[in-house]
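Presented below is the structure to which this report refers.
Excluded from the calculations below are hydrogen atoms, water molecules and symmetry mates; all remaining heavy atoms, backbone and side chain alike, are included. Atoms within each ligand, like the ligands themselves, are counted from 1 in listed order.
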Amino acid sequence: MTVEDTKTHELRRDLINFASYNYLGLSYRPEVKEAIKEAAEIYGGGASGSPILSGNTALHTRLAEEVASFKQKEAALVFPTGYSANIGTISGLMRSGDLVVADQFAHASIVDGMVLSKATSRFFRHNRVDDLDRKLRGFEGKKLVVIEGVYSMDGDLPPLADIVEVCREHGARLMIDEAHSAFVFGENGRGVVEHFGFEDEVDIHLGTFSKSLGGQGGYIAGSSRLVNYLRGFSRSRFFSCALSPVVVAGLLKALELARNEPELRRRLWRNVEFMQNRLRNAGVPVGDSTSQVIPIMVRDDARIFQIGEEIFREGVFINPVKYPAVGKHKSRFRMSISAAHTEEELDKGAEIIIQVLERYGICQ
Ligand SMILES: Cc1ncc(COP(=O)(O)O)c(C=O)c1O
């Protein structure tokens, strides 16, 4: 990729991109671009209306049906963004007097949904089922637990079997945000729920179209009762313009490719294994990541941007992340691997990062 250096205004060309959510490389596929062009010719630029008034086209209806069929659920509902899907779902379902418990590393859109719902909000320690159990104990009303499929700053997965069991014991509904895991995890790409074999035990399946499908938008999938209820009660969808039909056309094609080309997922996982091994063998601290999201734990809040600058100048585009996006002294580079990376790019990119980190004494 080419990036403008905002300090010098120079264009830096041919950078290796480790900062993109385009995990399957679908955003740039010629078939996707062609579908987008055709839709623009028919529909123009935007939906020009809320989904409940004039904004719903045949393409939108088809996308919701295709998502439900892909996820093997009764129904699905499409939102303008993943952020909007989280706030609309959580605040639509939960009320004052209810309880929502989320993992402490939950995305801001989950937290904002909790705040908007006016339900009692609690957070359990990251992936600690004993703490989740404690946070649910002694509460008699309606309870919702919210977790993620892949945690976006750490790349680790939830202990789903144990979480399902604790939710059952407490009569709590379980919602999973698969923003970073839908379409990539599981034999058929149905996410971490398929990977762990708990597709029917999770009540609400949420995801985004902005990552693995390389487009924009969000969805929830589940029972028809849930989806019909949220059709009327998710204000972030009800009172917001529907996704552009142009985007929807691209998503339909990207979903078709993700479904029909399992080799994309195989290539992604080969790339992830290559990079995880390359970094670990060089002593780069990558935390507990077992996914395509790999945190490079620098932990030096004062120097992370300086280190990032050197990596950038040597030919790699990767995002430094620092407090308050992560905790103090937990600064890191957030690396994303894609099926679209070649082995040569992965190798060269890893070499640059390792050399710079070694200069700063970060490798162990
Ligand atoms: C876990 C999680 N949920 C939701 C979102 C929001 O998705 P979108 O960017 O599609 O609004 C993100 C975005 O990074 C995310 O990481």
Any protein N or O within less than 3.5 Å of an N or O in ligand 1? List each pair with its distance, or say none.
{"residue": "ligand 1", "atom": "3 (N)", "partner": "Asp177", "partner atom": "OD2", "Å": "2.6"}
{"residue": "ligand 1", "atom": "10 (O)", "partner": "Gly82", "partner atom": "N", "Å": "3.1"}
{"residue": "ligand 1", "atom": "10 (O)", "partner": "Ser210", "partner atom": "OG", "Å": "2.7"}
{"residue": "ligand 1", "atom": "11 (O)", "partner": "Gly82", "partner atom": "N", "Å": "3.1"}
{"residue": "ligand 1", "atom": "11 (O)", "partner": "Tyr83", "partner atom": "N", "Å": "2.9"}
{"residue": "ligand 1", "atom": "14 (O)", "partner": "Lys211", "partner atom": "NZ", "Å": "2.9"}
{"residue": "ligand 1", "atom": "16 (O)", "partner": "His180", "partner atom": "NE2", "Å": "2.7"}

- Which of parallel (below 30°), tilted (30 to 60°) and perpendicular (above 60°) describes His126 and Phe105? parallel
- Would a line drawn from the ring center of Phe183 to the ring center of Tyr23 be shorter than 6.0 Å? no
- In this structure, are over 12 heavy atoms from other groups packed under 6.0 Å from Glu263 atom CD? yes
Please output the side-chain donor-acceptor pairs of residues 111-121 that fall under 3.5 Å, not counting sequence neighbours, one pair per line with the distance.
{"residue": "Asp112", "atom": "OD2", "partner": "Tyr83", "partner atom": "OH", "Å": "2.5"}
{"residue": "Ser117", "atom": "OG", "partner": "Met114", "partner atom": "O", "Å": "2.7"}
{"residue": "Ser117", "atom": "OG", "partner": "Ala119", "partner atom": "N", "Å": "3.0"}

- Within 6.0 Å of CZ in Arg173, more than 12 heavy atoms from elsewhere: no
- With the threshold set at 4.0 Å, does a side-chain nitrogen-carboxylate oxygen contact exist between Glu165 and Arg168? no
